[in-house]
Amino acid sequence: DGLAAPDVLDLLSGLVDQSLVLAGDGEAKRQRYRQLETVRQFGQRQLDAHGEARRCGEKHLAYHVQLAERGAAQLAGAEATQGAEALQAELDNFRKALDFALEDAATAEAGLRLATALAPFWNLRGYWREGRQWLEKALARSPRRDLARATALNHLGVLAQKQADFAEAAAHIKESIAIKEACGDGHGKAISLTNLGNLHTRLGDFDEAVTCQREAARLFAQHEDRQREAKVWNNLGAIHFLQGHYETALESFERSLELFQALDDPQRSGQCLNNLGVGHKELGDYTRAIVYHLQALELFDAVDDQDNLALTYSQLALAHANLATETDLYFAFEPVAHPEALGEALSYLESALAIHQRLNHARELAHDHFNLGCVHCSMGQPQRALPRLARALKAAEPLDDAKLLVRIRSALARAHAQAGHLNSAAVYSAQAVEQLAQVDAQDFEAVYFAHYRILDWATDGAALDFLKKAHEITIQ
């Protein structure tokens, strides 16, 4: 109310000196303050008594609407982590502002703006239920079928999808599309179509997903939003990949790469290059896959993107292992075609492992140790494989990933059989069988075969021969 910034600081310092306001922890530039609850309640009674509560509530709401909208813009850019932390620090204030806004029709529009601005934060931080509740309440208070409603419905659909409420998600996003189309908002329609396409992909409705994403790409191109157009082409590549249409997937990834390169976006260009590498691996062109992954590695190294560096090291390792074994590393039982490539695979996996250890990424560590164990098995080194696989199992057990546990225990059975430890092989195979109750039946028969036959085998040669036959069943 007309106070200059230095006066505000002097006033605040005086309140701190009198213990009416408490200074929290934090850097000087981001110092936060709070009141004791008794002081806050007293202040609220004074505002009520002097008829100032409404005016202060409106000012508090207006400030936090602007703060949330600035934060939402940060979440969409390079400062996403800082933006999320800033919004998290204000979460109780946002809740208070929303409570105030949605009590009265006069402030309902501001409440919808605030709930909509916070939706990306709720999505990112996993506040899906709370986000849905606020958006639903805000939409009920603001029944007008305008673009503000359409934007809120789109976010509500995304949050519903995160909670696997697919019918509600589809209904909200489709209503959002209808309103945006009626309002002539082609760009906004493309955003909602992208989310609807993602929902169809999640449900396995790939043809519908392709239709949505292609129309979104057309609209983004029409509105010259190259960033979103590039993302949609990458989405299309992923859908075609899931369909097994690898050539078409590669065409979409190439288009996405062209757009991201034109935008000078090294991180997303690197992701597209990795996708192209994975696509070429599926086509059996392992040498070309390695070229794409090496290009991605160079980009991620230049911007010090540790997460994507580790991912790319892993992809390079798998491409070299594929080149060596001419099959999936997990199912490699024959002598390898290019043994020198397995040495490269080990080196890249060790690089990925070092990054994941530094970042303390438990799931990735489990996969790294598992892949290292499989490489050692393919190199005829079960004694080196066993400690790796044991570490993989230890890292995977807390993750509640039944499929990964089945694969690790099956690999341990293989390594023990390869080493001549048939009793240990039988134990791990039996554990894998028990775990299969939580996994798609695709892998069931193979591990049952491995379990029951190991008990009768007298030589590791026979064990390995039957394990080979068992694993062939899993990839049919």
Side-chain angles (χ1 to χ4, degrees), residues 314 317-318 321 324-325 327-336 342 345-346 349-350 352-353 356 361-476:
S314 297
L318 294 176
T325 63
T327 185
D328 187 307
L329 176 62
Y330 183 56
F331 302 110
F333 289 87
E334 300 292 346
V336 298
L342 287 178
L346 284 176
L349 282 171
E350 291 287 1
L353 179 67
H356 289 145
H361 287 178
R363 185 175 300 276
E364 287 76 10
L365 284 170
H367 282 280
D368 291 338
H369 285 300
F370 169 72
N371 287 327
L372 281 161
C374 289
V375 170
H376 283 301
C377 279
S378 295
M379 297 176 78
Q381 300 170 344
Q383 297 301 337
R384 291 189 176 185
L386 287 169
R388 289 294 189 183
L389 294 171
R391 291 179 191 173
L393 184 61
K394 183 177 180 180
E397 282 177 331
L399 300 178
D400 193 28
D401 186 335
K403 187 170 184 178
L404 177 59
L405 287 168
V406 168
R407 289 169 68 85
I408 293 171
R409 287 184 170 123
S410 182
L412 276 161
R414 169 191 173 183
H416 277 293
Q418 193 176 18
H421 310 152
L422 299 185
N423 287 338
S424 296
V427 169
Y428 282 111
S429 185
Q431 291 174 354
V433 169
E434 292 176 8
Q435 194 82 46
L436 281 170
Q438 303 172 45
V439 184
D440 190 333
Q442 187 76 16
D443 293 335
F444 286 18
E445 191 175 3
V447 182
Y448 271 111
F449 274 136
H451 170 53
Y452 288 112
R453 290 294 184 172
I454 282 174
L455 298 177
D456 297 328
W457 292 335
T459 67
D460 56 345
L464 288 172
D465 182 61
F466 201 87
L467 274 168
K468 174 189 172 184
K469 293 177 182 176
H471 284 294
E472 285 173 353
I473 293 171
T474 70
I475 57 174
Q476 288 177 353

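The first residue of the sequence shown is numbered 1, and numbering continues consecutively from there. The shown structure was predicted, so the numbers you read here are calculated from the model rather than taken from an experiment.
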Heavy-atom pair of closest approach, residues [X] and [Y]:
X      : Y      : answer
Ala321 : Leu342 : CA-CD2, 4.1 Å
Leu389 : Ala415 : CD1-CB, 3.9 Å
Leu349 : Ala317 : CG-CB, 3.4 Å
Ala345 : Val375 : CB-CG2, 4.4 Å
Ser410 : Ala432 : N-CB, 4.3 Å
Phe370 : Ile408 : CD1-CG1, 3.7 Å

Not counting sequence neighbours, list each pair that qualifies as a ring pair (Phe, Tyr, Trp, His ring centres under 6.0 Å) and has a residue in [range].
range            : value
residues 374-408 : none
residues 383-410 : none
residues 397-417 : His416-His421, His416-Tyr428

Item checked: Within-4.5 Å side-chain heavy-atom neighbours: Ser314 and His367 -> no
Next item on the list: Report yes if the side chains of Leu412 and Gln431 come closer than 4.5 Å at any heavy-atom pair, otherwise no.
Entry: no
Notebook entry, point to check: What residues, two or more places apart in sequence or in another chain, satisfy ring-ring contact (aromatic ring centres under 6.0 Å, His included) together with His369?
Noted result: none
Checklist line | Within residues 370-393 or reaching into it, pairs that qualify as salt bridge (Lys or Arg N to Asp or Glu O under 4.0 Å) - sequence neighbours excluded | finding: Glu350-Arg388
Notebook entry, point to check: Side chain of Gln418, backbone of Cys377: donor and acceptor closer than 3.5 Å?
Noted result: yes
